[in-house]
Amino acid sequence: MPHLTLPTHRLHYRIDGDQKGKPWLTLCNSLGTDLQMWDAQIADLSGDFRILRYDRRGHGGSEAPLPPYDMADLGGDVIALLDALAIDRTHFCGLSIGGLTGQWLALHAPTRLDRIVLCATAARIGTADSWAARIGDVRASGLRPLVPATADRWFSPEFRAAQPQAAEAVLDSFARTSVDGYAGCCAALAQADFRGALDRIGHPLLAISGDDDPVCPPADLRALARGVRQGRHLSLPGRHIVTIEAAPPFTAALRAFLTASRAD
Ligand SMILES: O=C(O)CCC(=O)CC(=O)O
């Protein structure tokens, strides 16, 4: 289990498809998940890309420094990983808070990113009050009581009936997330708002929604695609964790968008 040791915490990361000469692709998970949420994509993409995945601070195998965090902290962790691994430039794909991390990087470290795929995210997710309430809930009772409502936001009943193990694996990682890590990231979400800055993002960008995502509905992803300079939008069947619920079409769309860059 490779880790990067930073002054305040250690970050767990993993590289797949480590073939020299292939372009890098960095995958950035959502709130309350770990890097295994991308397992369905790895087998299909590791022949074409060197794939960097990592656990956000306080998630999975990464330590939780003292909360609260902000988007500069979360984006800074990605830059620290890229620097440590001598990755000058990478494609980037992030879901939800991972998509906000991608927007922060596009604005603050634009030369480090190539093509960007933002899934189930928005330029602004929730409100300061809704994140304060979420922090209050997890501080009071931990994450486990939030599992049923989270399951309902993340996956359709049809998917959970058809692939219960896939849904349970992700929800288990949610229940295991540290309270400090989760609450710290909720604080970052409470502040993150890129609505006034999207027109400064010039990278080719694909925004992918889940048709029935109650957290970041298709209109949010359409607005992202319209707000940046070179955006397009695609919607796939599923709720918030569309990368898992619609894994085959999602992976196909990701590959098509990223490999198109080679012909540009
Ligand atoms: O999923 C994220 O990264 C942030 C939005 C969120 O918390 C989704 C949910 O409501 O569980």
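Worth knowing before you read on, the calculation uses all heavy atoms, side chains too, and leaves out hydrogens, waters and symmetry mates. Remember, predicted model here, so these are calculated numbers, not experimental data. Just follow the structure's listing: the first ligand is 1, and inside any ligand the first atom is 1.
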Show the short N or O contacts, below 3.5 Å, that ligand 1 makes with protein N or O atoms; if there are none, say 'none'.
unit_1, atom_1, unit_2, atom_2, d
ligand 1, 1 (O), S96, OG, 2.9
ligand 1, 1 (O), H240, NE2, 2.9
ligand 1, 3 (O), L31, N, 2.7
ligand 1, 3 (O), S96, OG, 3.0
ligand 1, 3 (O), I97, N, 2.9
ligand 1, 7 (O), R134, NH1, 3.3
ligand 1, 10 (O), R134, NH2, 3.1
ligand 1, 10 (O), R153, NE, 2.6
ligand 1, 10 (O), R153, NH2, 3.2
ligand 1, 11 (O), R153, NE, 3.4
ligand 1, 11 (O), R153, NH2, 3.0
ligand 1, 11 (O), W154, NE1, 2.9

Please set out all donor-acceptor pairs under 3.5 angstrom arising from side-chain atoms of residues 95-104, sequence neighbours excluded.
unit_1, atom_1, unit_2, atom_2, d
S96, OG, H240, NE2, 3.0
T101, OG1, I97, O, 2.8
Q103, NE2, G99, O, 3.3
Q103, NE2, A122, O, 3.0
W104, NE1, H108, NE2, 3.4

May I have the list of side-chain donor-acceptor pairs in residues 134-142 shorter than 3.5 Å, sequence neighbours left out?
unit_1, atom_1, unit_2, atom_2, d
R134, NH1, Y182, OH, 2.6
R139, NH1, D180, OD1, 2.9
R139, NH2, D180, OD1, 2.9

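Residues T177 and T33 share a closest heavy-atom pair of OG1-N, 4.5 Å.
Between the CZ atom in R14 and the CD1 atom in I42 there is a gap of 7.5 Å [rounded to 0.5 Å].
Annotation: cation-pi pair R57/Y69 present, NZ/CZ under 6.0 Å from the ring centroid and within 45° of its normal.
P110 is linked by a side-chain contact (heavy atoms from CB on, under 4.5 Å) to H203, counting only residues two or more places apart in sequence or in another chain.
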